[in-house]
Amino acid sequence: MTTFPSSGIHLIFCLIVLFLSPFSCTSAGPDPLQDLCVADLNSSISVNGFPCKPPSEVISDDFFFDGLSQEGNTTNTFGVSVTAANVLEFPGLNMLGISMNRVDLAPGGLNPPHSHPRSSESGIVIDGKVLVGFVTTQNVFYSKVLSAGQMFIIPLGLVHFQLNVGEGKALIFTAFNSQLPGAVILPFTLFGSTPPIPNDVLTKAFHVEEDVIKGIKSKFGF
């Protein structure tokens, strides 16, 4: 298992992520009206977010999280592991409008095209060499190969990806201006939804024969 790099340069750039990421200007969630509102994940109340735990039940551990310290398991189809530090994993983030992810990429690994419907994204490459790209609503593609210490931003809701183009593993940390940014992962959304999108919709959308769509869906369990 690998741990977070400890060199001074990596620490400095990780702090830059926190201070220069989009949430330093504005949060995608509502402004808090109190000092803290630790999420009560067990509440039966349904709201746009989570109700607060009673102050008497708040503990120090609600404000600390070590889930991003360990390397994720990348033995999967895409060679990627995304470890989330959002309100569902870190209840102390509730109402603060911020969260982070750790993205581990095996050699050749891909964080497949996806979007975050509720957040902009900033990120920093900690180790390796990564091709980062996104597409605008005018179908303009922007991309660059980044190495350790270099940052990127993804505007709100745009489709983007990260591809490991180096010889070894790669590690990225990303930050969001939402406590729960959400993720629409295009391969799973289009070819692995439940219930599935009708084949005739996909054949017309991609101008291919139905056998092609069936072949792709079979890779996602359909």
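The first residue in the sequence is number 1, and the count goes up from there. Bear in mind the structure is a predicted one, so any value in this text is a computation, not a measurement.
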[Y] and [X], any side-chain heavy atoms less than 4.5 Å apart:
X: Leu158; Y: Thr137; result: yes
X: Glu167; Y: Pro107; result: no
X: Glu121; Y: Thr174; result: yes
X: Val130; Y: Leu105; result: yes

Do we see a donor-acceptor contact under 3.5 Å between the side chains of Gln179 and Asn86?
no
Are Asn177 and Ser119 linked by a side-chain donor-acceptor pair shorter than 3.5 Å?
yes
Linked, directly or transitively: [X] and [Y] (ILVMFWY side chains, under 4.5 Å):
X: Leu88; Y: Phe64; result: no
X: Val184; Y: Val80; result: no
X: Val208; Y: Phe191; result: yes
X: Val38; Y: Ile45; result: no
X: Leu96; Y: Phe173; result: yes

Side-chain donor or acceptor of [X] paired with backbone N/O of [Y] under 3.5 Å:
X: Ser115; Y: Pro117; result: no
X: Ser99; Y: Ser178; result: yes
X: Arg102; Y: Leu68; result: yes
X: Asn101; Y: Val103; result: no
X: Asn94; Y: Phe50; result: yes
X: Asn199; Y: Glu210; result: no
X: Asn76; Y: Gly79; result: yes
X: Lys217; Y: Pro196; result: no
X: Ser218; Y: Gly215; result: yes
X: Arg118; Y: Leu180; result: yes

Enumerate the side chain to side chain donor-acceptor pair (under 3.5 Å) contacts for residues 49-62, please, sequence neighbours excluded, ordered by first and then second residue.
Lys53-Asp62
Inter-residue atom distance [X].[atom1] - [Y].[atom2], 0.5 Å rounding:
X: Thr74; Y: Lys169; atom1: OG1; atom2: NZ; result: 6.5 Å
X: Ile197; Y: Thr189; atom1: CD1; atom2: OG1; result: 7.5 Å
X: Cys52; Y: Leu36; atom1: SG; atom2: CG; result: 8.0 Å
X: Lys214; Y: Asp211; atom1: NZ; atom2: CG; result: 6.0 Å

So which of Leu186, Leu163, Thr77, Ile185 actually passes side-chain contact (heavy atoms from CB on, under 4.5 Å) with Pro112?
Ile185
CG (Asp200) with more than 12 external heavy atoms under 6.0 Å
yes
Which pair of non-hydrogen atoms, one from [X] and one from [Y], has the smallest distance, and what is that distance?
X: Gln70; Y: Asp104; value: O-OD2, 4.4 Å
X: Ala84; Y: Phe65; value: O-CZ, 3.9 Å
X: Val135; Y: Asn139; value: CG1-CA, 3.7 Å
X: Gly133; Y: Phe141; value: CA-CE1, 3.9 Å
X: Leu93; Y: Ile98; value: CD1-O, 3.5 Å
X: Phe220; Y: Pro187; value: CZ-CB, 3.6 Å

Between Tyr142, Phe152, Phe161, which is the residue that forms a ring-ring contact (aromatic ring centres under 6.0 Å, His included) with Phe134?
Tyr142
Give me each pair satisfying ring pair (Phe, Tyr, Trp, His ring centres under 6.0 Å) with a member in residues 101-124, each pair once, sequence neighbours excluded.
His114-His116, His114-His160, His116-His160, His116-Phe176
Should the pair Phe78 and Phe188 be assigned to parallel (<30°), tilted (30 to 60°) or perpendicular (>60°) ring geometry?
perpendicular
Applying side chain to side chain contact (heavy atoms under 4.5 Å, CB included) to Ser143 and Leu131, what does each step give before you reach the verdict?
CA-CA 7 Å; Ser143 68; Leu131 172 64; 4.0 Å; yes
Residues Val212, Phe206; criterion side chain to side chain contact (heavy atoms under 4.5 Å, CB included); working and verdict
CA-CA 10 Å; Val212 175; Phe206 291 99; over 6 Å; no
Worked verdict on Val125 versus Leu171 for side chain to side chain contact (heavy atoms under 4.5 Å, CB included):
CA-CA 6 Å; Val125 177; Leu171 172 61; over 6 Å; no
Working for side chain to side chain contact (heavy atoms under 4.5 Å, CB included), residues Ile172 and Ile124
CA-CA 6 Å; Ile172 306 169; Ile124 182 169; 6.0 Å; no
Only counting residues at least two apart or in another chain, list the ones meeting side chain to side chain donor-acceptor pair (under 3.5 Å) with Asn164.
none
